[in-house]
Amino acid sequence: MAKLTVKDLNVRGKRLLVRVDYNVPMEEKDGQMVINDATRIKETIPTLDYLIQNGARLILVAHLGRPKGQRDPSLSLRPVANKLADMLCRPVAFVDDCIGEKVEKTVGLLQPGDVLLLENVRYYNEEEANDPAFAEKLARPAEHYVNDAFGAAHRAHASTEGVARVIAKRGGQCAAGLLMERELKFLGDELEKPARPFVVILGGAKVSDKIKVIDRLIDKADTILIGGAMAYTFKLANGYKTGKSLVESDRVEMARAAVAKAKARNVQFLLPVDNIVATPVDTGKLNKKGKPVFDLQNPRLNSQPDIPADAEGFDIGPETARRYAEIIRKAKTILWNGPMGMFEDKRFAEGTFSVAKAVVEATEKNGAKSIIGGGDSVKALHNAGLGERVTFMSTGGGASLEFLEGAVLPGVAALTDK
Ligand code: 3PG
Ligand code: MG
């Protein structure tokens with residue numbers, strides 16, 4: 001890696017500001033906030049253990065949700081401190097602020113190997129504004145900086161970018177944590193010279209969200225398999241009827257250009273040949289966000305190229321799933337980003353689950369390297385009960401996508417070059 005990692009630092013006795021991504025899903029239960037999925041906390045343990053073993057004094061900084069500068073108590077990181085203490089099997093101190101006297105006093109008491117978690121850095125608007133004076137305050141108690149928050153590395157915020165500049169200017173070092181290093185390896189280096197066939201599976205709702213990734217991966221992949229609602233925009237681009245399916249009619253040119261590029265590069269670019277559709281019926285009710293709620297009636301297989309006028313597509317069909325699985329099972333490198341359908345509803349989960357099963361089979365039986373690009377695909381894999389049976393699952397959502405697009409992540413760029 002071209003950037004320093006924690007292994008390059010001499011951390012003994014040093015005070016390290018460590019940015020982690022503890023933006024974990026939480027839920028209120030009996031008046032208390034509980035963590036629904038601690039994966040992001042768990043994935044930082046190797047870095048923290050390494051630093052603890054090597055006698056560093058750790059000041060962890062993180063965000064939770066989007067409180068927009070307000071001290072929203074439901075977005076406090078205190079429950080995370082408790083969870084982290086359980087996972088590290090050692091005490092984790094917590095201060096209900098991330099800058100100021102209280103923080104500095106507690107940091108002054110830290111012994112080598114001690115861990116302190118600071119309160120949600122987004123309680124200050126200056127964080128997202130990447131305010132230089134705020135970055136100075138955050139950096140004040142630390143000698144070096146470690147960024148292990150891959151999931152937030154696409155943000156140029158004070159705790160992901162500004163502090164690194166402050167610390168570097170002072171002569172301190174800024175290094176990647178072990179999780180950050182792994183993410184960059186699997187989503188970056190491993191895809192530069194992939195073992196072939198290299199099969200990319202892309203799903204999700206919108207062509208507009210994925211077009212940059214599609215465009216970039218056409219240069220690298222042997223096969224691209226398309227699923228999710230974005231497949232309906234491709235269907236429309238090919239001149240077929242899409243019924244009530246979600247489409248971006250202003251993106252058909254984009255879709256056509258992607259298909260043409262794939263053809264020119266000799267990349268196999270596959271679209272679904274059948275779909276599971278349903279008839280959406282307005283219930284007259286509104287959801288929490290004020291959007292109308294539809295009852296999805298009469299789920300059925302549609303094997304025609306056209307989707308009937310009253311129907312909406314929600315999953316790939318069994319023939320598509322069979323064809324995709326066959327290709328996936330022969331792959332040596334697999335990158336999967338985005339579900340094939342609305343897998344949260346079990347009537348529309350089969351397509352995504354078949355893909356998940358094929359990815360696991362390729363990994364276990366064919367020795368394929370399988371890389372899951374974060375967010376919904378990771379959730380789908382867990383729902384299918386196949387969570388730990390792939391080579392790598394990213395902890396990033398937006399960050400993975402931007403990195404796969406080829407963007408330079410500000411949180412990475414700010415680290416010290418080797
Ligand atoms: C995430 O969950 O995507 C990261 O923690 C970044 O959060 P954000 O999208 O609110 O910046
Ligand atoms: Mg996000």
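Remember, it's 1-based here, ligands and their atoms both numbered in the order they're listed.
- Residue contact check: D21 has heavy atoms under 4.0 Å from atoms 4 (C), 5 (O) of ligand 1.
- Remark: aromatic rings of F269 and F234 are close, center separation under 6.0 Å.
- Of the possible polar contacts, one joining the R57 side chain to the G13 backbone as a donor-acceptor pair under 3.5 Å is found.
- Residue H157 places every heavy atom at 4.0 Å or more from ligand 1.
- The part of R122 lying near ligand 1 is the side chain, judged by heavy-atom distances below 4.0 Å.
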Side-chain polar contacts of residues 410-418 - donor-acceptor pairs under 3.5 angstrom, sequence neighbours left out - could you list them?
unit_1 : atom_1 : unit_2 : atom_2 : d
T416   : OG1    : C174   : N      : 2.8
T416   : OG1    : C174   : O      : 3.1
D417   : OD1    : K3     : NZ     : 2.7

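- Judged as a side chain to side chain contact (heavy atoms under 4.5 Å, CB included), and not counting sequence neighbours, the contacts of K29 are E27, V34.
- Listed by number with element, the atoms of ligand 1 under 4.0 angstrom from any heavy atom of R155 are 8 (P), 9 (O), 11 (O).
- Within ligand 1, counting atoms from 1 as listed, the ones closer than 4.0 Å to a heavy atom of N23 are 1 (C), 2 (O), 4 (C), 5 (O), 7 (O).
- T242 places no side-chain N or O within donor-acceptor distance of the main-chain N or O of L236, the cut-off being under 3.5 Å.
- For an aromatic pair to be called close, the ring centres must be under 6.0 Å apart, and F348 with F343 fails this.
- Contact analysis leaves G397 out of contact with ligand 1, as no non-hydrogen atom separation drops below 4.0 angstrom.
- The residue E128 has no part lying near ligand 1, judged by heavy-atom distances below 4.0 Å.
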